[in-house]
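What you see is a predicted model, and the numbers here were worked out from it, not measured in a lab. Residues: numbered from 1 along the sequence shown.
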Amino acid sequence: MALAVVGSIAVAVAWNLVLRGRASVWATMAACLGALGALSLFTGEVHVGEAVPLATMVALGLGAGVTLYLATAAFLSMTRGWRLLARHTTALYRRRGGLSLGAAVLLAAGVSAAGEELFWRGVVQGVAGGALGDLPGAVLAWAAYVGANAFSGSVPVVLGAVVGGGVWAALAAWTGGVVASLACHAMWTALMVALPPVPLEDPA
């Protein structure tokens, strides 16, 4: 429980530092979420999931990640007139700075996304589910996840937390563990970083 509370605050603080220009989004969020993911493994709250076979959970997660990416691309294509979203999306991609594509994918998908799943769906959702039941716990963990990411001040980050967070929470609740949600989150993130789904605008 302590890690769930402290970790949620840490994510909000990290995003606030990034928002205020006092920290790099890639390095800061990877460090924060990577550390939380590592700590989560020692809590005993993170479970692989036993509702379906492991190979099925991995395949389900990867397929859901590709589907979520395609849905994200379709949404961004249909909302190109939303100038604030377009500006924030471009700004988020440009924050990659001097990182190579491989390093960016590794940090975003291999560290940040994995850390998020181990912490949010493993610890926070696990603790909340144990106290309130699977569905209320998933909803509470999803709401906390959205709330923490709202401190980013970034429209695409918040939208990703609302929609993606709902998908990952549902996968974790259904399978009873983090394998499917982690595979989905990592696949979606890797595709979003490697293949930006919309043309990036010149900064205004």
Side-chain angles (χ1 to χ4, degrees), residues 25-26 29-30 33 37 46-82 85-86 88-90 92-93 96 101-102 104-122 124-126 129 134-135 137-150 152 154-200:
V25 62
W26 295 86
M29 297 316 297
L33 295 169
V46 179
H47 302 289
V48 171
E50 300 177 352
V52 292
L54 180 62
T56 301
M57 288 190 289
V58 173
L60 172 65
L62 294 176
V66 173
T67 302
L68 184 57
Y69 168 77
L70 294 175
T72 302
F75 172 78
L76 291 174
S77 178
M78 292 185 295
T79 57
R80 286 184 184 177
W82 187 355
L85 175 60
H88 282 197
T89 300
T90 295
L92 198 59
Y93 277 103
R96 197 176 97 190
L101 178 59
V105 170
L106 178 62
L107 281 177
V111 179
S112 294
E116 279 198 321
E117 291 311 305
L118 293 172
F119 175 65
W120 289 107
R121 260 58 69 177
V124 179
Q125 187 165 329
D134 289 343
L135 181 57
V139 172
L140 179 60
W142 169 77
Y145 177 64
V146 172
N149 280 275
S152 68
S154 170
V155 174
V157 169
V158 174
L159 289 177
V162 171
V163 179
V167 172
W168 304 321
L171 285 171
W174 180 46
T175 61
V178 300
V179 169
S181 64
L182 196 157
C184 177
H185 196 159
M187 174 59 78
W188 177 76
T189 301
L191 290 172
M192 290 294 292
V193 173
L195 302 171
V198 291
L200 302 182

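Closest approach of Ala104 and Val193 over heavy atoms only: CB-CG1, 3.9 Å. Taking all atoms of both residues into account, the shortest heavy-atom contact from Ala141 to Val124 is CB-CG1, 3.8 Å. Pairing each heavy atom of Leu107 with each of Ala30, the nearest pair is CD2-CB, 3.8 Å. The two residues Gly37 and Leu118 make their nearest non-hydrogen contact at O-CD1, 3.6 Å. Taking both residues in full, the closest heavy atoms of Met57 and Gly49 are given as CE-O, 3.2 Å, listed atom of the first, atom of the second, then distance. Scanning both residues, Ala109 and Ala186, for their nearest heavy atoms gives CB-O, 3.5 Å.
Going from atom OG of Ser181 over to atom CD of Glu117 covers 4.0 Å, rounded to the nearest 0.5 Å. The distance from the CG atom of Leu135 to the CG atom of Leu140 is 11.5 Å, given to the nearest 0.5 Å. Rounded to the nearest 0.5 angstrom, Thr89 OG1 and Met192 CE are separated by 7.5 Å.
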(request) Give the C-alpha distance, both sets of side-chain angles, the deciding distance and a yes or no for side-chain contact (heavy atoms from CB on, under 4.5 Å) between Leu85 and Leu76. (result) CA-CA 9 Å; Leu85 175 60; Leu76 291 174; 3.8 Å; yes
(message) Under the criterion side-chain contact (heavy atoms from CB on, under 4.5 Å), I'd like the reasoning laid out for Leu33 against Val111: C-alpha separation, chi angles, the key distance, then a yes or no.
(response) CA-CA 7 Å; Leu33 295 169; Val111 179; 5.9 Å; no
(request) Show your reasoning for whether side-chain contact (heavy atoms from CB on, under 4.5 Å) applies to Trp120 and Gln125. (result) CA-CA 6 Å; Trp120 289 107; Gln125 187 165 329; over 6 Å; no
Result block: side-chain N/O donor-acceptor pairs under 3.5 angstrom for residues 159-180, not counting sequence neighbours:
residue : atom : partner : partner atom : Å
Thr175  : OG1  : Leu171  : O            : 2.8
Thr175  : OG1  : Gly177  : O            : 3.4

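Residues Arg121 and Tyr145 form a side-chain contact, since some pair of their non-hydrogen atoms from C-beta on lies under 4.5 Å apart.
No option in Leu182, Asn149, Thr189 other than Asn149 meets the side chain to side chain contact (heavy atoms under 4.5 Å, CB included) test with Glu116.
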